Amino acid sequence: MKTLKPAVFFYLLILLLSCKSKTNQQEEPIKTTGSKELPKPKKAPSETPDGMVWIPGGLFKQGAVPNDEMAMAHEKPAHKVYVDGFFMDIHEVTNAQFAKFVEETGYVTMAEREIDWEEMKKQLPEGTEKPHDSILQPGSLVFKKTKSSVPNLYDYSQWWDWKIGADWKHPNGPESTIEGKEDHPVVHIAYEDAQAYCKWAGRRLPTEAEWEFAARANKTDNKFFWGDDVSKLSAHANSWEGEFPVTNTMEDGFERRAPIMSYPKNDFGLYDMAGNVWEWTSDWYNTNYYKELASSGVVVQNPKGAESAFNSSNTYAKERVIKGGSFLCSASYCASYRISARMATSPDSGMEHLGFRTVLSE
């Protein structure tokens, strides 16, 4: 079955656009949705699924902490939410785990499917010409270094390259392989791919609130899961050291993806909740969502995100929230190894730095 490939759309739209423009306040009483009183966090169940840990749930402030000078507008304002307890994978889904799923089901990922131009052009500005058939081939976006400094870090096309034949089995392009990298996080995974895996595994994707609560691990005002000391970044996360996207000094030991559990776990026992690869959540991305929650004056229990997608900077987009940052996150660019960092991505797009992990309700 032919399917839409918005990763191509993403790349084409970038090129199209670049051509056109080259005190101390008293706490207010908690108001809640749902029950009148917030439940107490539950103790861990007697049995824990293999490869998962129990996240107790509770009340926390979602969003940017006051001392985070790198926080972006869509991480604000911070707002109180409550999440019930749940199980979460201790690490990102690996190549080996995804390969088992594919072997048992015969599943074909979005990056491996044919592109339907008639569907794709519905998401493009009217009058956009069809690219040559040689371009409209199955593939995905792969990172490429630049040869010199990039003055405009908003022009993503400078370091993303559409590679025909790039997919989860060929993460760096058609000539690459995952052989010997079975313990690396699987990438080039679109939202539909992650959902299919979850259905097979009897799991689901976390909500954004669940993901952030799990990453924070009760460290109320910390910017990073290990604290506030950014000098410890290389010892705790796979990110970009050096000038992005020109030179990576690899102080953390890796230039691209790292094997799972290469860095210390957080206080809940979770690995790679900062850097390595971005992770899907189930929430729609909506620029106004945090403001709407904060202005409601209530603590939302188990929020599931905005009712509909909206990106004020790209009104064509229908995107989901991804969390955690990746090996491409740099202090000079997005610093998305911060707990509150978030990004919007098209559900049908897979990229070299995008994977997922699963959760399970009690």
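For reference, positions follow the sequence shown, starting with 1. From a predicted model like this one, the values you see are computed outputs, not experimental measurements.
- The hydrophobic cluster containing F87, built from Ile/Leu/Val/Met/Phe/Trp/Tyr side-chain heavy atoms closer than 4.5 Å, also comprises M52, W54, L360.
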**Asked** Stepwise, does the salt bridge (charged side-chain N to carboxylate O under 4.0 Å, His left out) test hold for E279 with K323?
**Response** CA-CA 5 Å; E279 300 177 18; K323 294 284 288 181; over 6 Å; no
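- Checked for salt-bridge contact, E212 and K61 miss the test: no charged N lies under 4.0 Å from a carboxylate O.
- Using a 30° and 60° split on the angle between ring planes, Y197 and F98 fall in the parallel class, below 30°.
- A cation-pi geometry, defined here as NZ or CZ lying under 6.0 Å from the six-membered ring centre and within 45° of its normal, holds between R320 and Y191.
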**Prompt:** Is there a salt bridge (charged side-chain N to carboxylate O under 4.0 Å, His left out) between R357 and D272 once you walk through the steps?
**Reply:** CA-CA 10 Å; R357 76 177 73 207; D272 287 325; 5.7 Å; no
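- In this structure, Y333 and F244 have parallel ring planes: the angle between them is below the 30° cut-off, well short of the 60° mark.
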**Request:** Using the salt bridge (charged side-chain N to carboxylate O under 4.0 Å, His left out) rule, take R342 and E75 through it: C-alpha gap first, then chi angles, then the decisive distance, then the call.
**Result:** CA-CA 7 Å; R342 59 205 298 260; E75 300 170 36; over 6 Å; no
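- Side-chain atoms of S313 and N311 form a donor-acceptor pair, as typed in the model, at a separation below 3.5 Å.
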N/O donor-acceptor pairs under 3.5 Å from side chains in residues 219-227, not counting sequence neighbours:
from: K219; atom 1: NZ; to: D267; atom 2: OD2; distance (Å): 3.2
from: K223; atom 1: NZ; to: E69; atom 2: OE1; distance (Å): 3.4
from: W226; atom 1: NE1; to: D229; atom 2: O; distance (Å): 2.9

**Request:** Any chance you could lay out the ring-ring contact (aromatic ring centres under 6.0 Å, His included) test for Y289 and H74, step after step, and finish with the verdict?
**Result:** CA-CA 8 Å; Y289 180 58; H74 67 174; over 10 Å; no
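- The list of salt bridge (charged side-chain N to carboxylate O under 4.0 Å, His left out) pairs with a residue in residues 290-311, not counting sequence neighbours, is empty.
- Between the side chains of Y290 and Q62, at least one donor N or O sits under 3.5 Å from an acceptor N or O.
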